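Questions regarding the structure given below will be posed in turn.
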Amino acid sequence: MAITIYNSYSGEREVFVPHDSKRVTVYVCGPTVYNNAHIGNARPAVVFDVLVRLLRHLYGSKHVIYARNITDVDDKINAAATSEGVPISTITERYIKIYHRDVAALGVLPPNFEPRATDHIEEMKLMIERLISKGHAYASGGHVLFDVSSYPEYGALSKCNQDEIIAGARVEVAPYKKNPSDFVLWKPSVDGQPGWASIWGVGRPGWHLECSAMIESHLGETIDIHAGGRDLLFPHHENEIAQSVCAHDGKTFARYWMHNGFVNIDHEKMSKSVGNITLVSDLLDEAPGEAIRYALLSAHYRQPLSWSSASLSLARRNLDRIYEALRLLEDVRLEASPIPAPTVLAALEDDLNTPKAMAEMAALVRLANTAQDERARREAKSSLIGSGALLGILEHDPTKWFAQGVEVDTNEIDELIEARNSAREAKDYKKADQIRDDLNARGVVIEDSNLGTTWRITK
RNA sequence: GGUCCGGUGGCAGAGUGGUUAUGCAGUGGAUUGCAAAUCCAUGUACGGGGGUUCGAUUCCCUCCCGGACCUCCA
């Protein structure tokens, strides 16, 4: 079975065939590090983490090369640095750390490469020179601009022809441009703005250039999958295509384009003006990272995701149910490494249909909870854990999962449960129920089963 | 104005030209000392109007509603 991907470039679902199955290349546009990571930053990280997990499963982890960049030079970063009176590296280092911490808490595996713009200034300058020499770029007033008229295919990704783009332009055209659609490859740095020496003067790269340059140097001239947020489709990705294709004499830049939808907060766009920016770090105080991840995966990646406290608690509940099934299988020992269920695998292969995968997980849970013999129970456990690994969930021990989050003395709970069970044996139900009610009041729920009494935290 | 994407049962959210999505919540039952958990059962859902079709939530047209992007800002 092969993966099907909705390719934003063609606007159609396509069967994914890597250029070289021994070297599958994926690039995802990562964060611009000028503030805290919010839930909208987390979505592509999580979604494409699932993609990479799936690719590694199918092609072998050695054969998948995944790069996710960090934009560490940018005017927003400059503004933050200026207002704090510190060098930009102070800002970027701070927020890179936070991003790494937050995204790791969501079970996102580190990419093979995490290139930073400031480490690739030379590569970018070389690319500019190549574009100029091939007649695709020109220097003007300290700027270097990409000449859009030299690339007739411009607009193919965003499905906009140049006339339409110009007609809709709402920003004044800079005087140094030949054509309104031309975009900056290099811009001058003045008044202490961070800059690098170049033959065009001290300056810094245009935003789009870094991805083209870093993809070229880490992954090659043509990559298999290029992904990122939907907002990046135009102009960022459109411009990347123009730069890379022209620098490489018409060679295809990315063979498949994937774009994830936005996260809305309570059905409203997340924005500073509304004041509903939801930070990952705040959510981590409310719920385990895995629950946040589950919530992010509960809608299809191309659809808008409505985030709310209800969606998060629902995610947690659903995850609890799966962990409950795992806990009931705690006595089952797996002899081989876990294998994903074909149903879950098929769902993910179908354009990363994570909600369908979740539904299949629910079916596995029922299977696990009704399994009679040892073999069925072993298979159920293997499927659950193997499938969970593709989704990046179920990475905790069930008992620990249910104990996390609330300050409780586990020894005390065990003692109370023992006392309750003694009372039950003595048929002193009044006392037994009293103990249970007390624990309930503290957020500890008691569950009796054939395997004994277990407990979990509720919130 | 241009381009694109959506509108599914109380909520979340898949999918399909004719057969149960799934989960949560609700209801009934089993189990349990009682619970919890689990299991079983259960709901005239597919924005409005046309059309194509033996048959459309699923294809086409149209209308209404919502959202995204439309450049130097990343």
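Numbered from 1 within each chain, the chains take letters A, B, ... in sequence-line order. Everything numeric here is computed off the predicted structure, so don't read it as measured data.
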Map Lys76(A) and Tyr294(A) onto RNA chain B by nearest heavy atom, then report which one ends up closer to the 5' terminus.
->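 Closest to the 5' end, via its nearest nucleotide, is Tyr294(A).
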Looking only at the side chain of Phe183(A) (C-beta and beyond, no hydrogens), which of the listed nucleotides G15(B), U71(B), C4(B) gets closest?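 For the Phe183(A) side chain, the nearest candidate turns out to be U71(B).
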What N/O pairs connect the protein and nucleotides 10-14 of chain B at under 3.5 Å? Give each pair on its own line.
from: A12(B); atom 1: OP1; to: His267(A); atom 2: NE2; distance (Å): 3.3
from: G13(B); atom 1: OP1; to: Ser306(A); atom 2: OG; distance (Å): 3.1
from: A14(B); atom 1: OP1; to: His300(A); atom 2: N; distance (Å): 2.6
from: A14(B); atom 1: O3'; to: Asn353(A); atom 2: ND2; distance (Å): 3.2
from: A14(B); atom 1: O2'; to: Asn353(A); atom 2: ND2; distance (Å): 3.4

Quick one: label Asp182(A) by what it contacts on the DNA or RNA (base, sugar-phosphate, nothing), any heavy atom closer than 4.0 Å.
->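 The residue Asp182(A) makes base contact.
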Distances under 3.5 Å between protein N/O atoms and the N/O atoms of nucleotides 30-34 of chain B, please, pair by pair.
from: G33(B); atom 1: O6; to: Arg424(A); atom 2: NE; distance (Å): 3.3
from: G33(B); atom 1: N1; to: Asp433(A); atom 2: OD1; distance (Å): 2.9
from: G33(B); atom 1: N2; to: Asp433(A); atom 2: OD1; distance (Å): 3.4
from: G33(B); atom 1: N2; to: Asp433(A); atom 2: OD2; distance (Å): 2.5
from: C34(B); atom 1: O2; to: Arg436(A); atom 2: NH1; distance (Å): 3.2
from: C34(B); atom 1: O2; to: Arg436(A); atom 2: NH2; distance (Å): 2.5
from: C34(B); atom 1: N3; to: Arg436(A); atom 2: NH1; distance (Å): 2.7

Practice item. Classify the nucleic acid contact of Lys427(A) as base, sugar-phosphate or nothing, counting any heavy atom under 4.0 Å across all strands shown. Key: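 Since no nucleic acid heavy atom lies under 4.0 Å of Lys427(A), the category is nothing.
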Suppose we screen for ring-ring contact (aromatic ring centres under 6.0 Å, His included). Which residues come up paired with Tyr301(A), at least two apart in sequence or across chains?
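Testing Tyr301(A) for ring-ring contact (aromatic ring centres under 6.0 Å, His included), a comparison that skips the adjacent residues, returns none.
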Any Arg321(A) side-chain N or O less than 4.0 Å from OP1/OP2 of U38(B):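 Arg321(A) to U38(B) OP1/OP2: side-chain N or O found under 4.0 Å.
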- Query: How far does the P atom of G47(B) sit from the matching atom of U53(B), given to the nearest Å?
  - Reply: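 Pairwise P distance, G47(B) against U53(B), rounds to 23 Å.
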### Query
salt bridge (charged side-chain N to carboxylate O under 4.0 Å, His left out): which pairs involve residues 259-271 of chain A, sequence neighbours left out?
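For residues 259-271 of chain A: none.
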_Between U16(B) and U57(B), how far apart are the two P atoms, rounded to whole Å?_
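Straight-line distance between the two P atoms is 16 Å.
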task: Give a yes/no answer on whether the side chain of Arg456(A) brings an N or O atom under 4.0 Å of OP1 or OP2 in A36(B).
output: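 For Arg456(A), the contact criterion (side-chain N or O under 4.0 Å from OP1 or OP2 of A36(B)) is not met.
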Spacing of the P atoms in G10(B) and C46(B) (rounded, Å):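 Pairwise P distance, C46(B) against G10(B), rounds to 10 Å.
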According to the salt bridge (charged side-chain N to carboxylate O under 4.0 Å, His left out) rule, which pairs have a member within residues 381-396 of chain A, sequence neighbours left out?
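Only Arg53(A)-Glu395(A) qualify under salt bridge (charged side-chain N to carboxylate O under 4.0 Å, His left out).
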Which residues share a ring-ring contact (aromatic ring centres under 6.0 Å, His included) with Tyr256(A), sequence neighbours left out: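 For Tyr256(A), the residues satisfying ring-ring contact (aromatic ring centres under 6.0 Å, His included) (neighbours in sequence not counted) are Phe16(A).
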Could you check whether His396(A) and Gln404(A), counting side-chain N and O atoms only, form a donor-acceptor pair closer than 3.5 Å?
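Absent: no donor and acceptor within the cut-off.
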Q. Relative to the 5' end of RNA chain B, which residue comes earlier, Arg230(A) or Ser449(A), by the nucleotide with the nearest heavy atom?
A.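 With Arg230(A) and Ser449(A) compared, the 5'-side residue is Arg230(A).
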| query | Separation of Leu157(A) atom CG from U71(B) atom C1', in whole Å? | reply |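 The distance from CG of Leu157(A) to C1' of U71(B) comes to 15 Å, rounded to the nearest Å.
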key: Nearest-Å distance once atom P is located in both C60(B) and U52(B)   =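 Taking atom P in both C60(B) and U52(B), they lie 15 Å apart.
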request  = May I have the step-by-step check of side-chain contact (heavy atoms from CB on, under 4.5 Å) for Arg317(A) and Tyr294(A), ending in yes or no?
outcome  = CA-CA 10 Å; Arg317(A) 215 181 204 108; Tyr294(A) 190 102; over 6 Å; no
- Counting any heavy atom closer than 4.0 Å, what does Val184(A) reach on the DNA or RNA strands: base, sugar-phosphate only, or nothing?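 Here Val184(A) touches the bases of the nucleic acid.
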| On a plain distance test, is the side chain of Ser181(A) in donor-acceptor contact with the base of U71(B) below 3.5 Å? |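 Answer yes: a donor N or O sits under 3.5 Å from an acceptor.
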Worksheet entry | Residues that Tyr429(A) engages under ring-ring contact (aromatic ring centres under 6.0 Å, His included), provided they are two or more places apart |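 With neighbours one apart ignored, the set is empty.
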Q | Nearest-angstrom distance from the residue atom CG of Asp437(A) to P of A36(B) | A |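 Going from CG in Asp437(A) over to P in A36(B) covers 12 Å.
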So Val50(A) and Leu390(A), do their side chains get closer than 4.5 Å, heavy atoms only?
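SC-SC contact between Leu390(A) and Val50(A) ruled out.
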query: Tell me: CG of Asp231(A) to P of A68(B), nearest whole Å?
result: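 Nearest whole value for this atom pair: 11 Å.
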Value in whole Å for how far the P atom of U71(B) lies from CG of Asn239(A):
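After rounding, the reported distance stands at 12 Å.
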Among residues 365-386 of chain A, which contact RNA chain B at a heavy-atom distance under 4.0 Å?
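Those residues whose heavy atoms fall under 4.0 Å from RNA chain B, taken from residues 365-386 of chain A in numerical order, are Arg366(A), Asn369(A), Thr370(A).
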### Task
Tell me, please, which residues at least two apart from Glu412(A) pass salt bridge (Lys or Arg N to Asp or Glu O under 4.0 Å).
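If we apply the salt bridge (Lys or Arg N to Asp or Glu O under 4.0 Å) test to Glu412(A), skipping adjacent residues, the hits are Arg442(A).
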Exercise for review: Could you note down all residue pairs passing salt bridge (charged side-chain N to carboxylate O under 4.0 Å, His left out) where residues 360-372 of chain A supplies at least one of them, sequence neighbours left out?
Suggested key: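 Every pair satisfying salt bridge (charged side-chain N to carboxylate O under 4.0 Å, His left out) with a residue in residues 360-372 of chain A: Lys356(A)-Glu360(A).
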Self-check item: Ile70(A)/His100(A) under side-chain contact (heavy atoms from CB on, under 4.5 Å): CA gap, chis, key distance, verdict
Solution: CA-CA 11 Å; Ile70(A) 286 179; His100(A) 282 160; 4.2 Å; yes
Rounded to whole angstroms, how far apart are CG on Asp320(A) and C1' on U38(B)?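 Nearest whole value for this atom pair: 15 Å.
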task = Treating a pair as Watson-Crick (purine N1 to pyrimidine N3 plus N6-O4 or O6-N4) or G-U wobble (N1-O2 and O6-N3) with both distances under 3.5 Å, list the stems of 3 or more consecutive pairs that involve RNA chain B.
result =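 Stem segments, range with range: B:1-7 with B:64-70, B:10-12 with B:22-24, B:26-30 with B:38-42, B:47-51 with B:59-63.
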Rounded to the nearest angstrom, tell me the gap between atom NE2 in His259(A) and atom P in A68(B).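 Atom-to-atom, His259(A) to A68(B), this comes out as 17 Å.
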Can you sort out the partners of His120(A) under ring-ring contact (aromatic ring centres under 6.0 Å, His included), two or more places apart, ordered by chain and number?
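If we apply the ring-ring contact (aromatic ring centres under 6.0 Å, His included) test to His120(A), skipping adjacent residues, the hits are His218(A).
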If we take the P atom in both G26(B) and C11(B), what is their distance in whole Å?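 So the two P atoms sit 15 Å from each other.
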